Engineer: 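Let me begin by handing over the structure; questions about it come next.
Note that ligands are numbered from 1 as they come in the structure, with each ligand's atoms numbered from 1 the same way. Computed from a predicted model, the values in this text were never measured in an experiment. For this chain, numbers begin at 1 and follow the sequence in order.
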Amino acid sequence: ADGIFGSILRTNVAYEQPTDQRAALANRVLFITGGAGTIGSAQTRALVHLGADACIIGRSVEKTEAAAKEIAKVRNGARVLGIGGVDVRNFESLKAAADRCAKELGAIDYVIAGAAGNFIAPISGLSPNAFKTVIDIDTIGTFNTIKATVPYLAQSAARNPNPNPSGLGTGTGGRFLSVSATFHYTGMPLQAHVSAAKAAIDSLMASLALEYGPLGLTANSLAPGAIEGTEGMERLASSLVTDAKDKGKGIPSGRWGTVRDIADATVYLFSDAGNYVNGTTLVVDGAGWRRQGGV
Ligand code: HXC
C-alpha cells in the first residue's frame, strides 16, 4: 500500500536475502537477455526479490540454467526459467524463447535487453567483421529483442492499465529497458564499435517510446558507468581505467558503481515510481562521464 519506496525500505537489507514477501512487483514477469551476466543477474535478483518471476536468456546453456537456479533462491516460490542456447543475433531462437517464457510464466511484463559484446580495439585494429559483430550483438540483438517481445509488452500494458487518475503514467506493465553506455556522449578511444552500437540503442528506445507510448509501454535506456566486478570493467580496466587502484576516486561521486546501484535504478524504472519516465536514458555513473576519462 505504501508503494515501491516503502517496499524497498522494508527490504533494504540485501536483494540476496531470501524472502517470502510478494511485494511491489508481484505477478510480473521479466524477460532478460544477458541475464546470467554480472549486471543482468543483479537486476534480475532485485526484481525477483520484489515479487517478479523471470526468464533468463543466454548463449550458454550451463551458465544460464545455473544463474536461473541461483536467482530463484532470493524469494520462496519464485519461478525463474533459464533458457540457454539462444543468441540474440538469431531472431528465430529469441522469438521461440519469448513465446516459451509467455507460455510457461504466463506473460512478459518487463524486458531487459542486456546482452552485449565487447573487446578493446582501436579503429585500426577493428576488421569490418569485428565492428559488425558488436553492432550485430548489441544493436541488432536489441532490435530482435524488441520484435520478439513487444506484442507481449503491449498485452501487459493493456492488462495493467494506467493507475494514475490524472491520466499520467502507464502502470507497472509493458516496460522495455536497454542496457546502454555513456561512451557515445563524448566518443571513446578503443570503443568506437561499442559507442556506435549503444548510440543506436538509445535511438531505438526513443522511437519505441514514441510508437508504443500510446499503447502504455515505456522504453528507456539505462547507462551504467564504471561498475566494479563486471565483465565490462575487467575487459576495459587495463586500457581505459587510468588507475585501477584508485577505486574510482576520480569519479565525481568518489567511487566505482556497484551492481546494486544498477539494480536499484532498474527497480525504479519498472516500479510505479517510474510510470512517467519514457523515451530517455537514466545514467547511473556517479557523474563519471561528465569528467571524461573519469572511469
Ligand atoms: C579485435 C576482435 C577482438 C579483439 C574479436 N574480434 N575479439 N578484433 N580485437 N579483441 C573480432 C574477430 O577477429 C572477428 O573478426 C570478429 O571480431 C568476431 O569474432 P568472433 O570471436 O568470431 O565472434 P563471436 O564468437 O561471435 O564473439 C563475440 C565477441 C565475444 C564480442 C567477440 O567477445 C563475445 O562473445 N562477447 C560476449 C560477452 C561480452 O563481450 N561481454 C562484455 C560485455 S561488456 P574477423 O575479421 O577476424 O572475422 C560491455 C560493456 C560496454 O558491453 C560498456 C562498459 C561501460
Side-chain angles (χ1 to χ4, degrees), residues 32-43 56-64 67 84-90 93-94 112-142 144-145 177-202 221-242 244 248 250-251 253 255-259 261-262 265 281-295:
I32 177 169
T33 67
T38 329
I39 285 182
S41 60
Q43 291 173 302
I56 295 171
I57 308 304
R59 271 187 301 178
S60 155
V61 174
E62 214 169 64
K63 190 177 164 194
T64 306
V86 179
D87 191 317
V88 293
R89 289 170 283 191
N90 179 335
S93 71
L94 199 55
I112 298 177
N118 195 5
F119 45 78
I120 296 289
I123 290 171
S124 62
L126 279 174
S127 70
N129 190 46
F131 187 85
K132 180 178 178 299
T133 298
V134 170
I135 299 289
D136 279 347
I137 299 173
D138 291 21
T139 307
I140 311 281
T142 297
N144 287 343
T145 306
L177 182 65
S178 287
V179 180
S180 185
T182 58
F183 297 159
H184 51 292
Y185 304 165
T186 56
M188 186 57 74
L190 311 179
Q191 290 284 278
H193 42 324
V194 175
S195 299
K198 300 293 193 183
I201 286 172
D202 287 356
S221 289
L222 195 169
I227 306 300
E228 63 183 351
T230 59
E231 192 175 340
M233 272 291 269
E234 260 165 47
R235 287 178 184 233
L236 304 187
S238 52
S239 308
L240 294 182
V241 176
T242 39
I251 291 172
S253 287
R255 63 172 176 88
W256 285 335
T258 64
V259 291
D261 291 320
I262 304 305
T281 301
L282 180 57
V283 179
V284 184
D285 77 335
W289 82 266
R290 295 187 181 281
R291 185 180 287 176
Q292 193 183 15
V295 280

Engineer: Measuring from Ile32:CD1 to Thr64:OG1, what's the distance to the nearest 0.5 Å?
Structural biologist: 11.0 Å

Engineer: Between Arg89 and Leu94, is any pair of side-chain heavy atoms under 4.5 Å apart?
Structural biologist: no

Engineer: Flag Lys198 as yes when one of its N or O atoms lies below 3.5 Å from any N or O atom of ligand 1, and as no otherwise.
Structural biologist: no

Engineer: So which heavy atom in the protein is nearest atom 33 (O) of ligand 1, and how far is it from that ligand atom?
Structural biologist: Arg235 NH1, 3.2 Å

Engineer: What distance separates Lys198 NZ from Thr182 OG1, expressed to the nearest 0.5 Å?
Structural biologist: 10.5 Å

Engineer: Strictly less than 4.0 Å: does any protein heavy-atom distance to atom 20 (P) of ligand 1 fall in that range?
Structural biologist: no

Engineer: Contact between Val134 and Asn118 at the side-chain level, heavy atoms closer than 4.5 Å - yes or no?
Structural biologist: no

Engineer: Considering only heavy atoms of Ala121, which atoms of ligand 1 have at least one such atom less than 4.0 Å away?
Structural biologist: 1 (C), 9 (N)

Engineer: Would you say that Asp285 contacts Ile251 through its side chain, given a criterion of any heavy-atom pair below 4.5 Å between the two side chains?
Structural biologist: no

Engineer: Which of the numbered atoms in ligand 1 are below 4.0 angstrom from a heavy atom of Ser127?
Structural biologist: 15 (O), 45 (P), 46 (O)

Engineer: Can you confirm whether something in the protein, heavy atoms only, sits under 4.0 Å from atom 29 (C) of ligand 1?
Structural biologist: no

Engineer: Working to the nearest 0.5 Å, report the span between OG1 of Thr38 and CD1 of Ile262.
Structural biologist: 11.5 Å

Engineer: If you count the atoms of ligand 1 from 1 in the order shown, which ones are under 4.0 Å from a heavy atom of Gly125?
Structural biologist: 1 (C)

Engineer: Give me the nearest non-hydrogen protein atom to atom 48 (O) of ligand 1 as residue plus atom name, then the distance to 0.1 Å.
Structural biologist: Asn129 ND2, 2.8 Å

Engineer: Which ligand 1 atoms does Ala116 reach within 4.0 Å, using its non-hydrogen atoms?
Structural biologist: 37 (C), 38 (C), 39 (C), 40 (O), 41 (N), 43 (C), 52 (O)

Engineer: Should Arg255 and Asp261 be marked as a side chain to side chain contact (heavy atoms under 4.5 Å, CB included) after you check the CA-CA gap, both sets of side-chain angles, and the distance that decides it?
Structural biologist: CA-CA 12 Å; Arg255 63 172 176 88; Asp261 291 320; 2.8 Å; yes

Engineer: Around atom 18 (C) of ligand 1, find the nearest protein heavy atom and jot down its residue, atom name and distance.
Structural biologist: Thr133 OG1, 3.2 Å

Engineer: Please report the closest heavy-atom contact between Gly85 and Val61, naming both atoms and the distance.
Structural biologist: N-CG2, 3.6 Å

Engineer: Within a distance of under 4.0 Å, is there any protein heavy atom near atom 41 (N) of ligand 1?
Structural biologist: yes

Engineer: Using side chain to side chain contact (heavy atoms under 4.5 Å, CB included), reason through Asp202 and Tyr185 one step at a time and then give a plain yes or no.
Structural biologist: CA-CA 11 Å; Asp202 287 356; Tyr185 304 165; 4.2 Å; yes

Engineer: Ignoring hydrogens, just give me the one of Gly37, Gly114, Ala130 whose non-hydrogen atom is nearest atom 17 (O) of ligand 1.
Structural biologist: Ala130

Engineer: For the residue pair Ile120 and Leu190, establish whether any side-chain heavy-atom pair is separated by less than 4.5 Å.
Structural biologist: yes

Engineer: Suppose we measure from atom 50 (C) of ligand 1 to each protein heavy atom; which comes out shortest, and what is that distance?
Structural biologist: Asn118 ND2, 3.7 Å

Engineer: Should you measure from each heavy atom of Arg89, which atoms of ligand 1 turn up under 4.0 Å away?
Structural biologist: 26 (O)

Engineer: Is atom 54 (C) of ligand 1 in close reach of the protein, with a heavy atom under 4.0 Å away?
Structural biologist: yes

Engineer: May I ask you to identify the nearest protein heavy atom to atom 9 (N) of ligand 1, giving residue, atom name and distance to one decimal place in Å?
Structural biologist: Phe119 CD1, 3.6 Å

Engineer: I would like to know whether Leu177 and Gln43 meet side chain to side chain contact (heavy atoms under 4.5 Å, CB included); could you show each step before the answer?
Structural biologist: CA-CA 11 Å; Leu177 182 65; Gln43 291 173 302; 4.2 Å; yes

Engineer: Taking atom 26 (O) of ligand 1 as the reference point, report whether a protein heavy atom occurs under 4.0 Å from it.
Structural biologist: yes

Engineer: Who's the nearest protein heavy-atom neighbour of atom 44 (S) of ligand 1, and how far?
Structural biologist: Gly232 CA, 3.5 Å

Engineer: Arg59 versus ligand 1: do any nitrogen or oxygen atoms come within less than 3.5 Å of each other?
Structural biologist: yes

Engineer: Flag the pair His193 / Ile135 as yes when at least one side-chain heavy-atom distance between them is below 4.5 Å, and no otherwise.
Structural biologist: no

